**Student:** 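Take a look at the following structure, please.
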Amino acid sequence: MNKARTRFAPSPTGDLHIGGIRTAIFSWLLARSTAGEFYVRLEDTDQERYVAGAARRIMQSFDWLGIDLDGGPDHAELATMKADEDYAGALVDGEAKGVPGPFVQSHRLPIYKQWSEWLVEHGFAYRANETPEELQRMREAAQAQKQTFVFREEMRIRTDIQPDEPHVIRMRVLPRDGRVEFDDLVKGHVGFENANVDDQVLLKMDGFPTYHLAVVVDDHLQGVTHVLRGDDWLPSAPKHVLLYRYFGWPQPAWAHVPNVLGTDGKKLSKRHGAQSVFEFRDQGYIPEALINFLALLGWAPGGGDEQNVFTRAELFAKFSMAGVGSSPAVFDYNKLDWLNGVHLRRLEVHDLANRLIPFLEKEGIAIDSDARREMLVKIAPHISERIKKLTEAAPLVDFFFADIATPPADMLIGPKMEKHLSLHALRTSIALIEKVTPFDDATLEKSLRDLCNDLQLKPNQLFSIIRNAVTGKSVTPPLFATLAILGRETVLERLARAEKQLQAG
RNA sequence: GGCCCCUUCGUCUAGUGGUUAGGACGCAGCCCUUUCAAGGCUAAAACACGGGUUCGAGUCCCGUAGGGGUCACCA
């Protein structure tokens with residue numbers, strides 16, 4: 001496979017959506033799987049829709065996901081963006097791997113001006129200046145006749161436009177009656193009648209290019225080999241194919257990837273739940289899982305390979321455009337949750353503990369000392385198979401870090417047991433736990449199991465009493481490890497309080 | 001409405017003319033088990049419909065239906 005140079009080109013109008021991220025992931029994987037380059041370009045050609053801070057947050061999304069770039073806006077470039085804050089990350093070195101910048105389209109205005117004039121000079125474009133109202137009337141007229149509206153130069157109301165007066169530049173679709181056909185890596189061979197292709201505005205009255213001119217010019221100048229984008233772009237692809245022809249530039253490979261749908265089969269939106277990368281992050285998903293899941297949404301290794309869980313290195317090795325499907329995919333939270341659990345369990349304990357900290361602190365469990373950090377590290381392996389998301393950890397560990405309310409008496413009576421029997425079991429356990437040595441997982445297990453025999457109790461009967469007394473909950477990490485981590489002193493203190501409670505109740 | 005795209009279990013998918021249509025998530029059951037999980041095993045579950053082509057069609061062709069996208073001096 002030849003090296004692919006791909007790009008992701010969001011417009012800074014808000015946070016990156018999950019659908020956009022998936023397109024970015026495909027582009028990134030294509031580049032990495034071919035030892036090519038992947039870079040980011042900011043398409044800020046619409047002055048009206050620009051959102052301050054969006055550019056920075058987009059770059060941070062890549063940062064958090066661990067999607068590495070070979071080019072993109074650097075500090076200096078980002079800092080010049082209208083009303084933007086400084087970008088705090090340090091992941092992009094503007095032209096890291098020889099992709100020429102600038103990477104922000106508003107910094108490239110002279111380039112678009114130059115190439116649009118080139119098109120006019122060579123007969124591939126012309127000047128026009130109809131007002132929005134005039135255009136609207138034309139559209140309505142076409143609509144009334146159930147026709148596709150296409151602007152053509154003879155429809156111009158003013159034809160004597162001078163280069164120095166306000167005007168737009170429109171592409172001239174040629175020939176009038178042909179067809180534009182091209183091969184798409186995911187959609188196959190597609191074709192459009194020229195008669196249905198609009199004489200698209202390329203350069204706006206304000207001197208900014210439209211998307212159509214800007215992508216073509218930038219992708220060519222920046223050496224993009226594969227144009228990956230959402231398939232909502234497919235209807236305008238013929239315009240781009242034509243532009244490449246007019247310029248005499250080699251066509252890139254086209255790949256229009258299907259959209260991501262919500263559970264109801266509609267395009268993913270707010271009511272389907274999380275949308276932006278940051279929302280997923282805050283809900284306790286980890287990048288490893290998100291990337292794995294998104295890659296699988298619309299792509300499969302094929303060839304009888306039935307792997308579902310992938311590390312990023314495995315994705316680099318196995319990704320190929322041939323495996324990208326042509327139909328839209330429904331976003332399935334069940335599978336994401338499962339994958340998140342799988343990847344959580346693969347994390348090294350210190351790594352897991354570190355990722356847990358902010359989520360615990362949000363629940364009021366401060367991990368603010370070395371002792372507490374060490375305790376978390378000991379706990380981590382015992383909860384990793386009990387949580388699917390980082391947000392689920394707090395209720396499983398809170399009793400390690402804060403004292404508990406003494407459980408009510410009825411919680412301290414074992415299943416199918418009487419009060420006096422439970423009280424006896426509790427007292428014997430206390431006596432035993434006072435002298436168990438060493439106070440570790442294995443020894444505690446052995447001693448307490450022996451005690452079950454002595455008392456002729458089922459493990460569940462004795463253990464549930466101790467669990468409830470020490471943790472205040474009926475669902476916890478494994479009991480013996482829990483006791484060992486908590487330490488003899490704390491365990492005995494809680495057991496003593498429980499004994500008192502049960503006796504009184 | 002015009003143009004374009006899409007259609008295998010509920011969901012993500014494998015499949016490239018001959019398969020008991022495979023896997024994963026979820027769901028159900030069983031096993032394991034100190035709780036909850038994790039893990040193991042088993043089960044239920046799909047080729048949208050109608051015509052062709054062919055000895056033979058999920059796979060090729062044509063329709064139909066359904067879904068989606070797009071028709072801006074927005075991307």
Side-chain angles (χ1 to χ4, degrees), chain A residues 9-11 13 43-46 48-49 128-132 135-136 139 142-150 167-170 184 186-188 190-193 195-198 200-206 208-212 214-215 229-238 256 258-259 261 263 265-267 293 296-309 323 325-339 341-342 345 382-388 396 445 448-449 452 458-464 466-468 471 473-480:
Chain A
S11 48
T13 55
E43 309 218 322
D44 62 336
T45 57
D46 186 351
E48 316 240 313
R49 296 205 310 152
N129 71 353
E130 280 59 45
T131 66
L135 289 168
Q136 187 55 31
R139 266 184 218 108
Q143 182 81 338
Q145 293 176 45
K146 301 187 173 184
Q147 295 278 307
T148 303
F149 173 71
V150 290
H167 66 278
V168 301
I169 292 179
R170 283 180 181 272
D184 188 281
V186 325
K187 300 291 182 182
V190 289
F192 298 82
E193 297 289 336
N196 290 324
V197 181
D198 191 36
Q200 180 63 236
V201 169
L202 299 178
L203 198 70
K204 300 186 263 188
M205 199 95 81
D206 62 5
F208 278 70
T210 59
Y211 170 84
H212 305 92
V215 253
R229 69 218 320 187
D231 68 359
D232 43 340
W233 284 110
L234 196 54
S236 48
H256 290 88
N259 273 113
L261 272 26
T263 324
K266 300 271 166 59
K267 210 172 168 179
F293 174 74
L296 239 33
L297 207 57
W299 170 82
D305 188 335
E306 289 171 340
Q307 185 172 353
N308 277 281
V309 180
S326 58
S327 51
V330 174
F331 193 99
D332 180 9
Y333 278 89
N334 278 325
K335 191 155 186 177
L336 206 213
D337 286 357
W338 169 74
L339 267 175
V342 169
R345 269 171 256 134
H382 298 106
I383 63 167
S384 66
E385 59 195 31
R386 292 174 170 71
I387 58 173
K388 288 194 160 85
L396 282 171
E445 173 158 14
L448 286 167
R449 281 192 191 282
C452 284
K458 294 199 163 138
N460 186 31
Q461 295 183 298
L462 209 218
F463 300 164
S464 70
I466 300 176
R467 167 178 292 109
N468 289 353
T471 68
K473 320 187 170 219
S474 54
V475 175
T476 71
L479 184 59
F480 314 113

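Basis for what follows: all heavy atoms, side chains included, without hydrogens, waters or symmetry-related copies. Proteins come first, then strands; the chains are lettered A, B, ... in the order of their sequence lines, and each starts at number 1. Keep in mind that what you see is a predicted model, and the values were worked out from it rather than measured.
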**Student:** So which protein nitrogen or oxygen atoms get under 3.5 Å of nucleotides 37-42 of chain B's nitrogens or oxygens?
**Tutor:**
{"unit_1": "B:rA37", "atom_1": "O2'", "unit_2": "A:Glu385", "atom_2": "O", "d": "2.0"}
{"unit_1": "B:rA37", "atom_1": "N1", "unit_2": "A:Glu385", "atom_2": "OE2", "d": "3.4"}
{"unit_1": "B:rA37", "atom_1": "N3", "unit_2": "A:Glu385", "atom_2": "OE2", "d": "3.4"}
{"unit_1": "B:rA38", "atom_1": "O4'", "unit_2": "A:Glu385", "atom_2": "O", "d": "3.3"}
{"unit_1": "B:rA38", "atom_1": "O3'", "unit_2": "A:Arg345", "atom_2": "NH1", "d": "3.1"}

**Student:** Got A:Val309 and A:Leu339 here, is their nearest side-chain heavy-atom distance under 4.5 Å?
**Tutor:**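 Counting from C-beta outward, A:Val309 and A:Leu339 do come under 4.5 Å.
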**Student:** Which whole number of Å gives the distance between the C1' atom of B:rG50 and that of B:rA57?
**Tutor:**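 Roughly 15 Å separates the two C1' atoms.
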**Student:** Just the atom pairs and distances: protein N or O near nucleotides 20-23 of chain B's N or O, under 3.5 Å.
**Tutor:**
{"unit_1": "B:rG22", "atom_1": "O2'", "unit_2": "A:Glu306", "atom_2": "OE2", "d": "3.1"}
{"unit_1": "B:rG23", "atom_1": "O4'", "unit_2": "A:Glu306", "atom_2": "OE1", "d": "3.3"}
{"unit_1": "B:rG23", "atom_1": "O4'", "unit_2": "A:Glu306", "atom_2": "OE2", "d": "3.1"}

**Student:** Tell me, please, which residues at least two apart from A:Glu306 pass side-chain hydrogen bond (donor to acceptor under 3.5 Å, both in side chains).
**Tutor:**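 A:Glu306 satisfies side-chain hydrogen bond (donor to acceptor under 3.5 Å, both in side chains) with no other residue.
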**Student:** Assign the ring pair A:Phe331 / A:Phe293 to parallel, tilted or perpendicular, where the plane angle (0 to 90°) is split at 30° and 60°.
**Tutor:**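 Perpendicular: the ring planes of A:Phe331 and A:Phe293 meet at over 60°.
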**Student:** Quick check: on RNA chain B, is the nucleotide nearest A:Asn334 upstream (toward 5') of the one nearest A:Pro477, or the reverse? Name the residue that is more 5'.
**Tutor:**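 On the 5' side of the pair lies A:Asn334.
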**Student:** I'd like to check the side-chain hydrogen bond (donor to acceptor under 3.5 Å, both in side chains) partners of A:Asp332; sequence neighbours left out, ordered by chain and number.
**Tutor:**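 In terms of side-chain hydrogen bond (donor to acceptor under 3.5 Å, both in side chains), with neighbours along the sequence ignored, A:Asp332 is linked to no residue.
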**Student:** Any side-chain heavy atom of A:Arg449 within less than 4.5 Å of one from A:Phe463?
**Tutor:**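 Counting from C-beta outward, A:Arg449 and A:Phe463 do come under 4.5 Å.
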**Student:** What one-letter contact string describes nucleotides 64-75 of chain B from 5' to 3', where B marks a base within less than 4.0 Å of any protein heavy atom, S marks contact via sugar-phosphate atoms alone, and - marks no contact?
**Tutor:** ----SBS-SBBB
**Student:** Report the residues that fulfil side-chain hydrogen bond (donor to acceptor under 3.5 Å, both in side chains) with A:Thr476, sequence neighbours left out, ordered by chain and then residue number.
**Tutor:**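 Expected list: A:Arg467.
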**Student:** Do A:Pro209 and A:Tyr211 have side-chain heavy atoms sitting under 4.5 Å apart?
**Tutor:**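 The answer is no, as the side chains (C-beta and beyond) never meet within the 4.5 Å cut-off.
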**Student:** Please determine if A:Lys187 and A:Asp184 form a salt bridge, counting it only when a charged side-chain N lies under 4.0 Å from a carboxylate O.
**Tutor:**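 No salt bridge links A:Lys187 with A:Asp184.
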